[in-house]
Amino acid sequence: MSRKRTQVAIIGAGPSGLLLGQLLHRAGIDAVIIERQSARYVSERIRAGVLEQTTTDLLIEAGVGDRMRREGLVHDGFSLCFSGARHRIDLRELTGGKLVTVYGQTEVTRDLMAARSAAGLETVYEAQAVNIADFEADRPRVEYSKDGVTHIIDCDFIAGCDGYHGVCRASVPSRSITTFERVYPFGWLGVLVDQPPVSHELIYANHERGFALCSMRSNTRSRYYVQCAADEQIDKWTDDAFWDELRMRLDPQAAEALKTGASIEKSIAPLRSFVAEPMRFGRLFLAGDAAHIVPPTGAKGLNLAFSDVRFLSRALIEWFTERSAAGIDHYSQTCLKRVWKASRFSWWFTSLMHRFPDEGGIKQKLQLAELEYLVGSRAASTTMAENYVGLPFDR
Ligand code: RFL
Ligand code: PHB
């Protein structure tokens, strides 16, 4: 058995855990990250693509923004496609200059991992049987085993950055936590391909066959999604079947311009809205997907995770440097205000763009009416744009 001490034990080396580790390190606070998977597995997971300005600002503040600034694609608009035509939402004009950056979660994760290893900081990968204890008292600890050895880490705080399926939220007694959940009756089938994107901006499509999204990772790598059944078998989807389905859901010009090829990744993601309240339990804090999940339609998941990490890092720094509990005492309330607003936007945009198998023709007619109103009304377009670029921290 081995036993040691740290100030903050971070569970999970996804983007939330890695960014928290980096921000604490820059403030001189000691943290260890404990991750269940291998470093390779974590760095190769294909997920988010769109970063809000608050997220890019935070990555720059954390000292990991250089490659993102060089390689990220700055977008000042996107298109909504319905009834066979595309309509542009001009983010820059509608929000007074706000923009988003297309830079993959894999790249963010790699930049954070590189900074962590350059600073010689400890991340335990492939930790087994991770367990957290005594977080409702003053001396919490984390236990895990690796290579047949049991390890104990005593700490001041535990940061639960271990995603939706993690151990931290599951360790909270059910009387202390309330959860809210909606599982949507469909999934997203995603394909990554080394071909230039069909358009230099994202296209979100509402079609009677279902939702489709054209996104990208660079000028030579594209990411596409089509709505599929919740229990879809991925083997059924050859590359050709995917391209045919995507083409059918786009406007004729985009369908014509689409450059296809052999997929380099193909996966199905379920869609869910989920929020756990509160996000603090004594000396345990939940952050990111451990506390909330949004459907990916609004591109909010990673951004929301980083906004939790921003609040949590500031709260912990305040505690360790000024002995002030103000930040940690307000952590849950401050995060949840933003979480619910982003959850609302993601739920709304998902409801507007997808086929709902049980809701019949009236749902689609109402969606089309709303989309027409949305692109025709400056007030409605502004509401959409200001949510998409990310709400400010003080609202
Ligand atoms: P993660 O990424 O799930 O990382 C959690 C880490 O914890 C580890 N873990 C454990 N470690 C130790 N012990 C245990 N018992 C553990 N259990 C789990 C896991 O192995 C993992 O490494 O959570 P985190 O860090 O909070 O990050 C959240 C984001 O990954 C997520 O919100 C986004 O990917 C969501 N998302 C998007 N977000 C955006 O902001 N913009 C987007 O464009 C966007 N697109 C997406 C998305 C998510 C998608 N999927 C697959 C759900 C598109 C898709 C298709
Ligand atoms: C992506 O590129 O993976 C992506 C982009 C926008 C979204 C969701 C996912 O809304």
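All ligand and atom numbering here is 1-based and tracks the order in the structure. These numbers were taken from a predicted model, which means no experiment stands behind them.
For a threshold of 3.5 Å applied to N or O pairs, the pair formed by Ser16 and ligand 1 contains at least one separation below that value. At a 3.5 angstrom cut-off on N or O pairs, Tyr388 does not count as close to ligand 2. At least one N/O-N/O distance between Arg36 and ligand 1 falls below 3.5 Å. Residue Gly301 has at least one N or O atom closer than 3.5 Å to an N or O atom of ligand 1. Taking any N or O of Gly49, backbone or side chain, at least one lies under 3.5 Å from an N or O belonging to ligand 1. Close N/O approach between Leu302 and ligand 1 is found [any backbone or side-chain N/O within under 3.5 Å]. For the pair Tyr225 and ligand 1, the shortest N or O to N or O distance does not fall below 3.5 Å. Note: no N/O pair closer than 3.5 Å links Gly17 and ligand 1 by distance alone.
A cation-pi contact, defined as under 6.0 Å to the ring centre and within 45° of the axis, is absent between Arg36 and Tyr144.
Assignment of Glu52 to the shell around ligand 1 is not supported, since no heavy atom sits closer than 4.0 Å. At least one heavy atom of Cys161 sits under 4.0 Å from some atom of ligand 1. The shortest heavy-atom distance from Tyr144 to ligand 1 is not under 4.0 Å. Using 4.0 Å as the threshold, Pro15 has a heavy atom nearer than that to some atom of ligand 1.
Between Glu126 and Lys146 there is no salt bridge, since none of the side-chain N atoms of the basic residue sits less than 4.0 Å from a carboxylate O of the acidic one. Contact check on Arg378 versus Glu93 returns a salt bridge, with a Lys/Arg side-chain nitrogen under 4.0 Å from an Asp/Glu carboxylate oxygen. Ion pairing of Glu122 with Lys4 is present here, as a side-chain N (NZ or NE/NH1/NH2) and a carboxylate O approach within less than 4.0 Å. Between Arg249 and Glu245 there is a salt bridge, since a side-chain N of the basic residue sits under 4.0 Å from a carboxylate O of the acidic one. A salt bridge does not link Arg5 with Asp30: every distance from a Lys NZ or Arg NE/NH1/NH2 to an Asp or Glu carboxylate oxygen is 4.0 Å or more.
Ligand 1 places these atoms under 4.0 Å from at least one heavy atom of Gly166: 17 (N). Listed by atom number, the atoms of ligand 2 under 4.0 Å from Leu202 heavy atoms are 5 (C), 6 (C). Here is the list of ligand 1 atoms found below 4.0 Å of a heavy atom in Val50: 41 (N), 43 (O). Near Val167, meaning under 4.0 Å from one of its heavy atoms, ligand 1 places the atoms 15 (N). Under a 4.0 Å criterion applied to the non-hydrogen atoms of Gly163, ligand 1 contributes the atoms 3 (O), 5 (C), 23 (O). Against a heavy-atom cut-off of under 4.0 Å, Ile34 is close to the following atoms of ligand 1: 11 (N), 12 (C).
The option with the heavy atom closest to atom 4 (C) of ligand 2, from among Tyr225, Tyr103, Tyr224, Trp188, is Tyr225. Counting only non-hydrogen atoms, the option in Asn131, Asp162, Leu202, Val100 that gets closest to atom 7 (O) of ligand 1 is Asp162. Comparing Glu35, Gln37, Arg272 against atom 19 (C) of ligand 1, the shortest heavy-atom distance belongs to Glu35. If you check each of Ala291, Pro295, Pro296, Ala269 against atom 52 (C) of ligand 1, the one with the closest non-hydrogen atom is Ala269. For atom 28 (C) of ligand 1, the nearest non-hydrogen atom from the set Asp289, Ile268, Val309, Leu213 belongs to Asp289. Looking at Lys300, Gln105, Arg45, Arg47, it is Gln105 that brings a heavy atom closest to atom 33 (C) of ligand 1.
Counting heavy atoms closer than 4.0 Å to ligand 2, residue Arg47 contributes backbone atoms (N, CA, C, O) but none from C-beta onward. The parts of Ala299 lying near ligand 2 are both backbone and side chain, judged by heavy-atom distances below 4.0 Å. Of all the heavy atoms of Leu213, the ones lying under 4.0 Å from any atom of ligand 2 belong exclusively to the side chain. With a heavy-atom cut-off of 4.0 Å, Val42 touches ligand 1 through its side chain alone.
Using bins of under 30°, 30° to 60° and over 60° for the plane-to-plane angle, the ring pair Trp319/Phe157 lands in the perpendicular bin. Between Phe186 and Phe356, the ring planes are perpendicular. Angles over 60° get that label, and only those under 30° would be called parallel. Ring geometry, Tyr224 versus Trp243: the interplanar angle exceeds 60°, so the pair is classed perpendicular (tilted spans 30 to 60°). The aromatic rings of Tyr204 and Phe349 sit tilted relative to each other, their planes meeting at an angle between 30° and 60°.
Annotation: Phe180 is in aromatic contact with Trp340 [ring centroid separation under 6.0 Å].
Both Phe320 and Phe285 belong to a single network of hydrophobic side chains, linked directly or stepwise wherever heavy atoms of I, L, V, M, F, W or Y lie under 4.5 Å apart.
Taking atom 8 (C) of ligand 2 as the reference point, the nearest protein heavy-atom neighbour is Pro296 O, 3.3 Å. The nearest protein atom to atom 10 (O) of ligand 2, hydrogens excluded, is given as Tyr204 OH, 2.7 Å; this is a heavy-atom distance. Closest to atom 13 (N) of ligand 1 among all protein heavy atoms lies Val130 CG2, 3.5 Å. Of all protein heavy atoms, the one lying nearest to atom 45 (N) of ligand 1 is Ala48 CA, 3.3 Å.
At most 12 non-hydrogen atoms from other residues, nucleotides or ligands lie less than 6.0 angstrom from CZ of Arg40.
Side-chain contact check for Leu19 versus Leu59: some heavy-atom pair is nearer than 4.5 Å. Side-chain contact between Glu143 and Asn131 is present, with heavy atoms from C-beta onward closer than 4.5 Å. Contact check for His330 versus Arg280: no side-chain heavy atoms found under the 4.5 Å cut-off. Side-chain contact between Pro15 and Leu302: present, with at least one pair of heavy atoms (C-beta onward) separated by less than 4.5 Å.
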>> Assess the residue pair Tyr125 and Tyr41 against the criterion (ring-ring contact (aromatic ring centres under 6.0 Å, His included)); give the C-alpha distance rounded to whole Å, side-chain angles, the decisive distance to 0.1 Å, and a yes or no.
In response: CA-CA 10 Å; Tyr125 285 101; Tyr41 179 94; over 10 Å; no

